[in-house]
Amino acid sequence: MSNIEITLPDGSKQSVAAETRPIDIARSISPRLADAAIVAKVNGELFDLTRPIGKDASLQILTAKDPESLYVYRHSTAHLLAAAVLELYPETKLGIGPPIDNGFYYDFDRPTPFTPEDLEKIEKKMWEIQARSLPYERVLTQKDEGLKKYSEAWMKCELITERADQVFSEYTLGPYFIDFCRGPHLPDTSKIKAFKLLSIAGAYWKGDEHNKQLQRIYGTAWFTQKELEAYLKQVEEAKKRDHRKLGKELDLFSIQELAGPGLIFFHPKGGILRKQLEDWMRDQYIRRGYSLVYTPHVARLDLWKTSGHANFYAENMFKPMEVEGAEYQLKPMNCPFHILIYADRQRSYRDLPVRLGELGTVYRYERSGVLNGLFRVRGFTQDDAHIFCTQDQIEGEVVDCLQFAIDTLHTFGFTEYEAELSTWDGGASSKYAGSADQWQLAENALQRATEKLSMKVKVSPDEAAFYGPKIDVKLVDAIGRKWQLSTVQFDFNLPARFGLEYIAEDGKAHQPLMVHRALYGSIERFFGILIEHYAGAFPVWLAPVQAIVLPITDRHTGYAKSVQQQLDAAGVRATVDERSEKVNLKIRDAQLQKIPYMLVVGDREQENRQVAVRNRKHGDQGAKPVEDFIRDVRALIDSKAVTE
RNA sequence: GCCGGCGUAGCUCAGCUGGUAGAGCAUCUGAUUUGUAAUCAGAGGGUCGCAGGUUCAAUCCCUGUCGCCGGCUCCA
């Protein structure tokens with residue numbers, strides 16, 4: 001038997017038998033390492049701990065500290081799930097079972113759906129199998145032989161036919177379970193310590209709704225019980241912040257069954273918040289050289305035929321309505337309208353850039369199953385703007401757009417964000433509109449703009465829209481979730497379709513470049529993100545009620561009202577709780593309404609023209625003159641402070 | 001749209017595999033006049049999402065429909 005040479009991460013070398021396995025090396029280094037080992041890396045490739053190394057190689061033993069380990073761990077937990085399902089329901093056919101961000105899932109094909117009770121049974125069975133310390137065994141199979149072996153399992157056959165090499169690997173777990181799988185896996189089930197099955201959902205085979213619908217079981221898995229509990233707690237936290245729940249509790253907005261799904265009603269308190277968003281954005285438009293425009297909600301279908309939306313966007317549009325023999329279309333986008341304004345008169349290069357901005361309300365048909373609170377609706381308002389400019393101007397325009405996006409995030413209290421640049425395929429296919437020159441120019445401009453602003457950007461090739469490359473900005477919220485928000489995208493399609501032009505210095509007509517950009521994206525959606533980010537406790541400048549005056553007894557109500565009037569006069573949104581209730585109750589209710597400041601007034605305050613300030617977060621702040629409070633709170637409002 | 005779950009008072013939820021419904025909070029009334037997260041008492045309030053069907057009898061079983069939730073898909 002020949003020997004092989006193993007190089008460890010510290011550079012040391014060992015000569016060992018070819019059938020030596022990573023776990024053997026780990027043991028020879030230290031029992032603790034062997035115990036902590038999850039998986040190995042052999043020449044950079046993930047390897048089972050129990051798979052013979054077989055050739056000269058560099059070897060790294062991965063433990064729970066290495067991020068790749070968790071995926072292997074979850075993948076193995078998914079196999080454990082499938083093994084349990086097969087033990088309980090042998091007729092079930094297996095789909096795929098990959099690890100995902102917070103856990104894993106497995107897709108099953110089965111005539112009767114799983115119930116929540118089944119989930120409990122399956123989880124119990126999983127622990128039972130786990131306790132047997134069954135090994136995950138890797139087996140090599142010939143492709144034709146494998147197809148025979150899996151002839152009962154149609155999904156596996158499909159996968160093997162499409163993806164498998166001539167000789168492929170399988171993994172077994174116990175007597176019932178064998179799976180076409182690249183691996184690697186844990187050595188055995190005893191390594192699995194903490195997991196929980198979470199939910200059952202329908203999922204289409206390969207994510208395509210034309211395919212058969214399978215039943216997916218989701219689960220989460222972590223190295224330790226502690227991490228599992230922390231994750232479940234984080235899920236709970238997210239539930240507490242759910243904007244649909246808070247929207248009702250804080251009386252911000254509603255969706256009315258009688259009016260229809262996906263259509264948002266802003267209540268007075270939500271209305272104040274929305275007005276803050278709108279006012280800030282319009283103000284910024286003006287400061288940053290945009291022209292504010294207003295356009296209709298419907299237009300002749302011909303416009304949408306010219307823009308092409310009637311064709312490629314038809315399935316997202318409400319059906320046209322007939323008016324005096326002509327068809328009219330509710331607008332799903334603002335761009336054609338802005339284009340009409342641009343094209344309404346001849347443009348000189350001296351006029352460019354033309355930046356037309358609008359808070360434009362659009363209606364899109366979304367399938368009923370995808371609607372979700374404020375996040376996914378059928379009618380929403382975009383802070384939409386279109387920039388028409390020359391080639392020389394695009395880089396500057398893109399820089400300004402991105403800077404605007406970053407300023408927007410900071411203003412609303414988001415400090416972390418990510419940017420993604422979606423580019424085309426370099427012309428490999430014909431699915432993209434526009435010329436290679438245009439793509440090059442635009443992609444370069446986007447790239448250079450991010451460099452100028454020192455933005456970190458992830459490039460996603462072949463992810464662009466068909467009409468142009470784009471940069472998307474994602475924010476990270478208070479509990480670490482990412483939300484796609486702003487977008488800056490080029491459009492090579494519409495200027496051509498509408499024959500847009502400007503007269504250049506050479507006296508000839510040229511086609512302008514068009515940039516489409518939205519920073520909030522959708523005001524409704526951004527509102528929802530804000531609700532969840534702040535868990536309803538908005539910064540003072542956004543809070544619907546900024547201060548509530550709490551008279552201790554009825555005889556203080558008069559003074560309380562005079563305080564409220566002073567606050568009103570100073571532009572501080574204030575109310576008075578006039579109920580004949582105890583202060584404790586009034587405070588409790590104000591806290592639950594997440595009102596930033598509670599101003600308790602009794603004999604002492606009335607006598608000294610003061611208010612006893614209570615901050616929703618920091619509690620009792622002591623008494624101070626009304627003017628002092630107004631000065632302090634105005635400072636916070638004027639600076640749009642996001643911390644208290 | 002599809003799969004699964006759900007729809008009971010303004011809100012949050014109970015309601016024993018069929019005998020026309022109950023709690024807490026909220027509301028109203030009365031008492032209490034209160035100092036930093038729930039004062040007490042009484043009263044009113046439901047065609048059990050909607051429409052059919054089965055049954056002597058339906059909140060409960062069946063069918064359809066509307067809406068919501070978790071996913072699939074897609075995006076802002």
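Each chain gets a letter, A, B and so on, in the order its sequence line appears, and its residues count up from 1. FYI, side chains are in, hydrogens and waters are out, and symmetry mates aren't considered; it's all heavy atoms of this structure.
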### Side chain A:Gln213 and base B:C72 donor-acceptor under 3.5 Å
no
### Query
Do A:Trp304 and A:Phe337 have ring centres separated by under 6.0 Å?
yes
### Task
Between A:Val600 and A:Gly369, just flag the one whose closest nucleotide in RNA chain B comes earlier from the 5' side.
A:Gly369
### Task
Pick base, sugar-phosphate or nothing for A:Gly207, based on heavy-atom distances below 4.0 Å to the nucleic acid.
sugar-phosphate
### Message
What's the gap between B:U12 and B:G70 when it is taken at their P atoms, as a whole Å value?
### Response
15 Å
Which atoms of nucleotides 30-33 of chain B (N or O only) lie under 3.5 Å from a protein N or O atom, and what are those distances?
from, atom 1, to, atom 2, distance (Å)
B:U33, O2, A:Asp554, N, 3.1
B:U33, N3, A:Asp554, OD2, 2.6
B:U33, O4, A:Asp554, OD2, 2.7

### Message
Tell me whether the count of non-hydrogen atoms from other residues, nucleotides or ligands lying under 6.0 Å of NZ in A:Lys431 goes above 12.
### Response
yes
#### Entry: Distance below 4.0 Å between A:Arg244 side-chain N/O and B:G70 OP1 or OP2
yes
## Note on the structure
When rounded to whole Å, the CD to P distance for the pair A:Glu257 and B:C50 reads 10 Å
#### Entry: Given A:Thr295, A:Thr381, A:Asn334, the one that forms side-chain hydrogen bond (donor to acceptor under 3.5 Å, both in side chains) with A:Thr361
A:Thr381
### Task
Look at the side chain of A:Asp603 and decide which nucleotide, out of B:A76, B:G35, B:U34, has an atom nearest to it.
B:G35
### Query
Any chance the rings of A:Phe312 and A:Phe466 have centres within less than 6.0 Å?
yes
### Message
Restricting to side-chain hydrogen bond (donor to acceptor under 3.5 Å, both in side chains), what partner residues turn up for A:Glu162, sequence neighbours left out?
### Response
A:Lys206
### Query
Counting any heavy atom closer than 4.0 Å, what does A:Val370 reach on the DNA or RNA strands: base, sugar-phosphate only, or nothing?
base
### Query
For A:Thr557 and A:Glu578, what are the C-alpha separation, side-chain angles and deciding distance, and is it a side chain to side chain donor-acceptor pair (under 3.5 Å)?
CA-CA 6 Å; A:Thr557 304; A:Glu578 294 183 49; 5.6 Å; no
### Message
Going by centres under 5.5 angstrom and planes under 30 degrees, do the aromatic ring of A:Phe380 and the base ring of B:A76 stack?
### Response
yes
### Task
Test A:Arg616 against A:Tyr597 for side chain to side chain contact (heavy atoms under 4.5 Å, CB included), laying out the working first.
CA-CA 6 Å; A:Arg616 69 180 162 200; A:Tyr597 290 100; over 6 Å; no
### Task
Classify the nucleic acid contact of A:Gly202 as base, sugar-phosphate or nothing, counting any heavy atom under 4.0 Å across all strands shown.
base
### Message
Please pick, from B:G71, B:U36, B:G1, the nucleotide with the shortest atom-to-atom distance to any side-chain atom of A:Tyr218.
### Response
B:G71
### Query
Are A:Lys470 and A:Asp472 within salt-bridge range, i.e. N to O under 4.0 Å?
yes
### Query
Between A:Tyr105 and B:G70, does any side-chain N or O lie under 4.0 Å from OP1 or OP2?
no
### Query
Does any donor-acceptor pair link the side chain of A:Arg525 with the base of B:A76 at a separation under 3.5 Å?
no
### Message
Less than 6.0 angstrom from the centroid, inside 45 degrees of the normal: does A:Arg74 satisfy that with respect to the ring of A:Phe104?
### Response
no
### Query
For RNA chain B, what string of dots and brackets results from 5' to 3' when Watson-Crick and G-U pairs need both distances under 3.5 Å, crossing pairs get [ ], and pairs with another strand get |?
(((((((..((((........)))).(((((.......))))).....(((((.......))))))))))))....
### Task
Write down the distance between CG (A:Asn615) and C1' (B:A37), rounded to a whole number of angstrom.
14 Å
### Message
Classify A:Ala612 by what it touches in the nucleic acid, base, sugar-phosphate, or nothing, heavy-atom distance under 4.0 Å.
### Response
base
### Query
Ignoring hydrogens and angles, are the base of B:A76 and the side chain of A:Glu366 linked by a donor-acceptor pair under 3.5 Å?
yes
### Message
Would A:Arg110 pass as a cation-pi partner of A:Phe114, given that its NZ or CZ must be under 6.0 Å from the six-membered ring centre and within 45 degrees of the axis?
### Response
yes
### Task
Select base, sugar-phosphate, or nothing to describe what A:Val362 touches, counting heavy atoms under 4.0 Å on all strands.
nothing
### Side chain A:Arg376 and base B:C74 donor-acceptor under 3.5 Å
yes
#### Entry: B:G1 base / A:Tyr365 side chain donor-acceptor hit below 3.5 Å
no
### Query
Does A:Tyr204 get its side chain close enough to the base of B:C3, under 3.5 Å, for a donor-acceptor pair?
no
### Task
Tell me which of A:Tyr313 and A:Ile255 sits closer to the 5' end of RNA chain B, going by the nucleotide each one is nearest to.
A:Ile255
### Closest contact, heavy atoms only, A:Gln591 versus A:Met598
OE1-CE, 3.0 Å
### Query
Which whole-number value in Å describes the distance from A:Leu592 CG to B:A26 P?
11 Å
### Task
Fit a plane to each ring of A:Phe527 and A:Phe266, take the angle between them on a 0 to 90° scale, and name the class: parallel (under 30°), tilted (30 to 60°) or perpendicular (over 60°).
parallel
### Message
So, OP1 or OP2 of B:U12: does either fall under 4.0 Å of a side-chain N or O from A:Lys248?
### Response
yes
### Query
What does A:Phe526 touch in the nucleic acid at a heavy-atom separation under 4.0 angstrom: a base, only the sugar-phosphate, or nothing?
nothing
### Query
Roughly how far apart, to the nearest Å, are B:C62 and B:G18 at atom P?
12 Å
### Message
Categorize A:Leu485 for me: base, sugar-phosphate, or nothing, with a 4.0 angstrom heavy-atom threshold over every strand shown.
### Response
sugar-phosphate
#### Entry: Base B:G35 to side chain A:Glu605, donor-acceptor N/O within 3.5 Å cut-off
yes
### Query
Ignoring hydrogens and angles, does a donor from either the side chain of A:Arg614 or the base of B:A37 sit under 3.5 Å from an acceptor on the other?
yes
### Task
Would you indicate what A:Asp589 reaches in the nucleic acid, counting non-hydrogen atoms under 4.0 angstrom: base, sugar-phosphate, or nothing?
nothing
### Query
Any side-chain N or O of A:Arg216 under 4.0 Å from OP1/OP2 of B:C3?
no
